[in-house]
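Report on the structure given below.
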Amino acid sequence: MIAIDTALALQAPQLMTTPPLLTMAGVSRRYGDVVALQDVSATVYPGEVLGIVGESGSGKSTLLRMMNLEDTPDAGDYRLALPDLSGNLFDLDRFARRMLCATRIGIVYQNPHLGLLMKHTSSGNVAERLLIAGERSFATLRGRAREALGASEFPLERMDARPIELSGGMQQRVQLAKAIALEPALLLLDEPTTGLDVSVQALVLDTLKRLQRDRAITMVIVSHDLGVIRTMADRVMVMRRGRVVEQGLADQIFQDPQHEYTQQLVHAKL
Amino acid sequence: MTPVLEVQNLAKHFQMHHLGQRLHAFDGVTFTLHAGEFLLLRGPNGVGKSTLLRTLYRSYLPRAGHVWYHTTEGRIDLATAADVDIALLRRREIGFVTQFLIARPRVAAEDIVAEPLRRTGIVAGDALDEARRWLAEFGVKRDLWRAYPTTFSGGEQQKVNLARALILPQRLMLLDEPTASLDAGARAALIRRLADLKAAGVAMIGVFHHPGDVADLIDREIELTLQEVPEDVAV
């Protein structure tokens with residue numbers, strides 16, 4: 001008989017008592033006459049996966065770039081509940097932003113050219129992240145790059161191949177390895193499976209799911225593919241024209257969408 | 001005795017923007033459920049039995065009313081609780097059992113069944129042993145345990161789904177036609193499991209195509225009746 005206590009739990013309810021890891025409030029950004037983000041607020045709790053959906057130009061990728069501190073909004077507040085970190089992160093200078101992004105935030109872009117140096121080796125791309133964080137020992141760099149590539153299910157016999165020689169699915173794994181090499185508190189995924197064929201897409205989603213379960217990484221995933229969001233996300237935020245039109249539990253957004261635009265999106269899904 | 005669930009004047013409608021209509025599902029649903037009680041929802045097709053279950057689970061947003069879930073530390077209204085709290089309650093305390101498989105591509109049957117245990121921190125080996133025990137109990141052939149259920153027949157998928165849904169006892173379980181299209185062996189296994197859960201104090205609300213299957217478990221029944229639909233409103 002297996003010693004698992006699956007007996008009925010009649011204890012206090014497990015309600016969320018820890019504060020959100022990520023809190024964004026009132027973020028707005030215009031590019032000329034174009035409103036990219038208008039008064040956007042978001043919270044993400046530790047270990048949670050937040051999905052962001054919306055059509056092209058809805059602002060979902062812009063919001064993700066804000067979370068990665070690649071741009072500064074016209075207004076807004078952004079906080080991460082991490083040790084030694086306080087205040088509005090948009091107030092940080094370039095150097096502090098770079099350190100924070102290198103050590104605490106990982107990102108995977110839809111376009112691997114944005115995230116990788118195509119003519120360096122795959123292991124070198126991962127090690128670069130560790131170098132920025134101050135690691136100097138070659139053996140340690142190589143060992144940790146190998147570990148991160150392994151966790152991303154990258155074939156290790158190819159770890160010295162250059163990304164430019166790899167398939168799209170493999171390039172995404174190198175990006176993922178780079179993103180998780182320093183065990184970030186927050187993993188940002190911008191259309192991570194768009195452009196991959198469906199079998200490779202399923203493998204990448206599998207890897208993400210496993211990482212989420214084994215390491216409880218907090219994730220924000222942006223995709224226009226509702227199937228991807230449905231597979232990955234605990235909660236979903238729906239964006240349109242730079243605004244959040246609706247948010248809720250993933251199954252509620254897909255089964256009982258409230259906003260007219262969300263209903264159109266859900267009904268348009270094949 | 002403190003109840004597990006206290007539902008007061010619960011109402012649901014669906015705002016269909018593309019039709020410019022509001023579809024009425026139900027209103028004024030009121031009942032109380034205690035630990036170890038089994039409540040049967042009755043009524044004709046389309047009356048809103050499954051809709052009521054999904055509204056209690058918060059897959060559907062209630063229009064009005066309260067769903068008080070009582071705990072040792074007070075009560076929480078599931079109708080208005082924060083999404084993040086609903087997600088946590090679903091992980092350990094409130095389960096939903098349906099006939100439809102929630103399968104991810106390229107995940108083996110035994111891993112799908114073990115997942116609820118893994119999420120509570122049980123190590124992989126123990127969780128898999130328990131998962132295999134339940135797959136066997138529901139009559140899933142051993143050579144399918146490592147296979148991907150997305151390619152299984154409807155009946156086999158349903159057995160995997162039930163094993164997953166019932167592997168971890170929860171305080172409140174919502175059952176949406178779990179016996180539909182099951183063979184006799186699996187149906188018997190399911191009813192045995194439900195009886196054990198009831199004896200352990202699990203409160204259950206169920207919709208059954210053939211309520212006779214669970215006649216011995218039923219404590220109370222609620223009859224839902226059809227109401228006028230749809231009601232035209234300005235959108």
Side-chain angles (χ1 to χ4, degrees), chain A residues 1-18 20 43-50 198-199 201-203 205-207 209-210 212-214 216 227 230-237 246-264 267, chain B residues 12 14-18 35 51 54-55 57-61 69-76 81-94 96 102 104-107 115-120 122-127 129-130 132-133 150 167-171 197 200-202 235:
Chain A
M1 200 57 203
I2 306 151
I4 293 182
D5 179 20
T6 50
L8 183 62
L10 284 169
Q11 76 270 44
Q14 300 180 333
L15 299 182
M16 185 53 83
T17 49
T18 45
T43 51
V44 190
Y45 287 85
E48 198 181 31
V49 180
L50 176 71
V198 281
S199 62
Q201 181 171 349
L203 286 172
L205 290 178
D206 251 18
T207 305
K209 268 278 179 193
R210 196 178 43 71
Q212 211 275 327
R213 191 191 63 206
D214 295 348
R230 191 171 203 161
T231 304
M232 291 297 303
D234 299 309
R235 284 192 303 119
V236 175
M237 230 164 80
E246 180 169 357
Q247 54 185 317
L249 290 160
D251 57 319
Q252 181 256 301
I253 293 290
F254 286 104
Q255 292 180 36
D256 188 20
Q258 305 292 305
H259 192 275
E260 183 173 6
Y261 174 66
T262 316
Q263 290 189 0
Q264 282 171 17
H267 292 155
Chain B
K12 175 64 191 162
F14 295 93
Q15 186 84 43
M16 314 292 274
H17 291 286
H18 69 295
T51 301
R54 289 177 190 193
T55 308
Y57 195 59
R58 264 280 290 276
S59 292
Y60 292 166
L61 284 178
Y69 177 73
H70 290 262
T71 73
T72 48
E73 299 212 329
R75 61 182 196 173
I76 175 170
D83 293 328
V84 67
D85 284 331
I86 296 284
L88 283 172
L89 287 170
R90 286 177 178 184
R91 205 163 278 191
R92 195 65 180 92
E93 305 203 20
I94 303 175
F96 195 93
I102 316 142
R104 290 205 318 277
R106 293 174 192 255
V107 181
E115 196 172 85
L117 295 181
R118 294 294 311 278
R119 277 204 308 243
T120 66
I122 292 171
V123 294
D126 289 350
D129 285 344
E130 188 74 359
R132 290 172 189 139
R133 191 165 79 79
T150 35
I167 195 168
L168 184 71
Q170 290 172 293
R171 280 187 76 205
L197 292 173
V202 176
V235 175

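Just so we're on the same page: letters track the sequence lines, and every chain starts at 1. Quick caveat, the model's predicted, so the values are computed rather than measured.
- The distance from the CG atom of B:Leu88 to the CG atom of A:Asp234 is 9.5 Å, given to the nearest 0.5 Å.
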Chi angles and distances behind the salt bridge (charged side-chain N to carboxylate O under 4.0 Å, His left out) call for B:Arg54, A:Asp256: CA-CA 10 Å; B:Arg54 289 177 190 193; A:Asp256 188 20; over 6 Å; no
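- A:Asp251 meets the side chain to side chain donor-acceptor pair (under 3.5 Å) test with B:Ser59, B:Arg90; sequence neighbours excluded.
- No part of A:Gln264 comes within reach of chain B, as not one of its non-hydrogen atoms sits under 4.5 angstrom from that chain.
- With a 4.5 Å cut-off on non-hydrogen atoms, B:Phe14 touches chain A through its side chain but not through its backbone.
- Using cut-offs of 30° and 60° for the angle between ring planes, the B:His17 and A:His259 rings count as tilted.
- For B:Arg119, the side-chain contact (heavy atoms from CB on, under 4.5 Å) partners are B:Arg91, B:Glu115, B:Arg164, not counting sequence neighbours.
- Side-chain atoms of A:Gln263 come within 3.5 Å of backbone N or O of B:Gln15 as a donor-acceptor pair.
- Per-residue heavy-atom pair counts under 4.5 Å with chain B were compared for A:Ala216, A:Gly248, A:Pro20, A:Pro257, and the maximum is reached by A:Gly248.
- Heavy atoms only, all atoms of each residue included: B:Asp83 and A:Gln247 are closest at OD2-O, 4.3 Å.
- Here the closest heavy-atom approach between residue A:Leu249 and residue B:Arg58 is recorded as CD1-O, 4.3 Å.
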